[in-house]
Amino acid sequence: MPLGEFELIDRFFREAGGRRGDVVLGVGDDGAILRPPEGVDLIAVSDTLVEGVHFPAGAPARSVGHRALAVNLSDIAAMGAAPAWSLLALTLPRADEIWLKEFTEGFSLLALEYEVSLVGGDTSRGPLMVGVQVFGFVPRGLALRRAGGQPGDLICVSGTPGDAAAGLALLTPDAMVGAGHKFRRDQGDVVARDALRARFEYPTPRLVLGSQLLDLATACIDVSDGLAGDIGKLAAASGCAAILDLERVPRSTALAALVRQGVFEERDALRFMLTGGDDCELAFTVPPESRHALSALEARGEVSVIGALVEKEGGSSLVTVRTEHSRLRQYLDALPLSFDHFSNA
Ligand code: ADP
Ligand code: MG
């Protein structure tokens with residue numbers, strides 16, 4: 001018997017995620033009743049995943065559920081906030097119980113880990129699309145913004161950007177068509193390939209780092225459309241220009257291994273690292289005198305200093321990527337700065 005809308009909501013979404021004391025009324029009424037604590041600003045974010053656009057058709061439901069929440073938590077992290085509540089607008093071609101069970105598990109495991117309650121949503125029939133909103137708190141007046149960086153501030157990034165884009169390229173060979181060549185996606189180290197695919201399918205939102213940055217970073221952005229392009233947005237909002245040193249942008253051992261093994265070429269790796277999105281990493285700026293506060297994170301490889309903000313001069317470009325290797329210049333010059341859904345349409 002096909003699952004009705006009411007039963008579907010009741011079975012899969014009533015109890016999804018963590019149960020928080022500040023949810024006065026959750027799923028089941030016309031609206032949720034939520035009680036934010038005193039002394040906070042409420043941060044609201046929204047991100048939608050569309051099948052075939054943001055994840056490959058036929059992607060594992062568990063990964064779709066995880067990513068739909070993770071990309072929103074990444075925006076919350078970039079504001080320096082702690083997540084609390086979420087809404088889920090789900091459009092499904094059919095009520096497939098196995099798919100729904102796995103989707104909800106992917107969503108809920110991440111929601112439980114960060115104490116996010118699912119407090120409502122909407123369910124309708126149509127092409128597979130997952131819209132999520134998350135609400136979080138930050139001490140009043142302290143939220144991180146893209147604006148606030150100053151000339152001289154160090155530009156930092158968490159993790160190893162580009163891994164998710166490399167993972168997606170391994171999952172969908174079509175993603176490589178734009179690179180003008182095919183690559184050997186079934187070759188190379190299995191462990192490295194699995195690691196990169198996992199960075200796309202199950203990214204880790206940097207919520208702990210985001211809250212640590214509250215009294216340290218001058219500006220912050222979530223890297224969702226590519227490192228260089230997103231740093232350009234931060235620089236623009238801060239009224240500065242950015243200089244990045246290519247040799248300081250960290251590369252994961254998995255990506256490096258697959259380049260060595262000829263699965264990817266060097267230019268693929270650079271494209272993933274500078275223009276790939278989907279990593280859920282944070283890019284942020286800190287004043288040079290605060291660098292010591294990063295040293296533990298730097299030592300553990302959780303954060304890398306990759307450049308600096310400079311004065312914006314008329315006519316100069318927003319982001320300059322420098323390299324000591326002249327043979328890489330041609331690859332850099334060929335890169336689109338960041339992915340824009342409409343300019344690429
Ligand atoms: P209405 O018709 O008043 O919008 P619905 O029947 O759509 O109500 O939803 C009933 C309840 O179930 C509401 O509390 C709504 O927030 C919740 N809900 C519906 N779909 C979802 C979903 N995908 N995830 C979480 N909660 C949902
Ligand atoms: Mg409704």
Side-chain angles (χ1 to χ4, degrees), residues 41-47 71-81 83 133-159 161 205-207 209-245 248-249 273-291 293-294 303-322 335-344:
D41 284 330
L42 191 61
I43 304 294
V45 306
S46 175
D47 236 323
V71 295
N72 280 278
L73 294 180
S74 185
D75 284 327
I76 289 279
M79 304 299 292
Q133 287 82 45
V134 173
F135 302 87
F137 314 135
V138 66
R140 188 165 292 169
L142 293 189
L144 299 173
R145 305 176 187 211
R146 297 176 180 187
Q150 300 285 331
D153 283 357
L154 304 172
I155 299 174
C156 310
V157 69
S158 63
R206 303 299 182 191
L207 285 159
L209 176 63
S211 62
Q212 289 171 337
L213 294 180
L214 266 189
D215 45 13
L216 183 62
T218 48
C220 187
I221 187 168
D222 141 70
V223 180
S224 51
D225 297 328
L227 182 65
D230 285 334
I231 286 174
K233 291 178 199 162
L234 181 153
S238 295
C240 297
I243 296 188
L244 302 183
D245 289 313
R248 294 158 87 191
V249 179
M273 290 161 66
L274 293 172
T275 72
D278 302 316
D279 281 307
C280 289
E281 299 297 352
L282 300 181
F284 56 95
T285 51
V286 295
E289 61 272 18
S290 302
R291 183 169 183 165
L294 292 175
V303 159
S304 308
V305 176
I306 59 171
L309 290 180
V310 294
E311 299 275 357
K312 174 96 183 88
E313 286 159 30
S316 67
S317 58
L318 210 48
V319 182
T320 305
V321 183
R322 296 193 299 212
L335 291 178
L337 254 192
S338 91
F339 187 76
D340 178 323
H341 276 280
F342 293 100
S343 74
N344 282 20

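Each residue takes its place number in the sequence, starting with 1. These values consider heavy atoms only, across backbone and side chains, with no hydrogens, waters or symmetry-generated copies.
Smallest separation of non-hydrogen atoms from Ala147 and Ala237: CB-O, 3.3 Å. Smallest separation of non-hydrogen atoms from Cys156 and Val286: SG-CG2, 4.0 Å. The shortest heavy-atom contact between Val138 and Met79 is CG2-O, 4.1 Å. Between Pro83 and Val134, the closest heavy-atom pair is CB-CG1, 4.1 Å. For the pair Phe284 and Leu234, the tightest heavy-atom approach, listed with the atom from each and the gap, is CA-CD1, 4.3 Å. Ala241 and Ser317 make their closest contact through CB-O, 3.8 Å (heavy atoms, listed as atom of the first residue, atom of the second, distance).
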Quick one: do Ile231 and Ile155 satisfy side chain to side chain contact (heavy atoms under 4.5 Å, CB included)? Show the steps, please.
CA-CA 8 Å; Ile231 286 174; Ile155 299 174; 3.7 Å; yes
Stepwise, does the side chain to side chain contact (heavy atoms under 4.5 Å, CB included) test hold for Leu213 with Leu209?
CA-CA 6 Å; Leu213 294 180; Leu209 176 63; 4.1 Å; yes
As a quick check of understanding, evaluate side chain to side chain contact (heavy atoms under 4.5 Å, CB included) for Val223 and Leu282, giving each step before the final call.
CA-CA 6 Å; Val223 180; Leu282 300 181; over 6 Å; no
Run the side chain to side chain contact (heavy atoms under 4.5 Å, CB included) check on Val45 and Gln133 step by step: do they pass?
CA-CA 6 Å; Val45 306; Gln133 287 82 45; over 6 Å; no
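Looking at Arg248 and Val305, their side chains come closer than 4.5 Å, going by heavy atoms from C-beta outward. Looking only at side-chain heavy atoms (C-beta outward), Leu154 and Arg291 come within less than 4.5 Å of each other. Contact of the Leu207 side chain with the Ile76 side chain is registered, since non-hydrogen atoms from C-beta on lie closer than 4.5 Å. The side-chain heavy atoms of Asp222 and Arg206, taken from C-beta on, include no pair separated by under 4.5 Å. Inter-residue side-chain proximity for Val321 and Leu274 is flagged as met; some heavy-atom pair is nearer than 4.5 Å.
Separating the CG atom in Asp75 from the CD1 atom in Ile43 is a distance of 11.0 Å, to the nearest 0.5 Å. Atom-to-atom distance recorded for Cys240:SG and Glu311:CD is 7.0 Å, nearest 0.5 angstrom. Here the straight-line distance linking atom CG of Leu244 with atom CE of Met273 works out to 11.0 Å at 0.5 Å rounding.
Asp153 places no side-chain N or O within donor-acceptor distance of the main-chain N or O of Thr218, the cut-off being under 3.5 Å. Between the Ser211 side chain and the Gly80 main chain, no donor and acceptor come within less than 3.5 Å of each other. Looking only at distances, a side-chain donor or acceptor of Asp41 sits under 3.5 Å from a matching main-chain atom of Gly141. In this structure, Ser238 contributes its side chain and Arg146 its backbone to a donor-acceptor pair below 3.5 Å.
Ion pairing between Lys233 and Asp225 holds under the 4.0 Å rule for side-chain N and carboxylate O.
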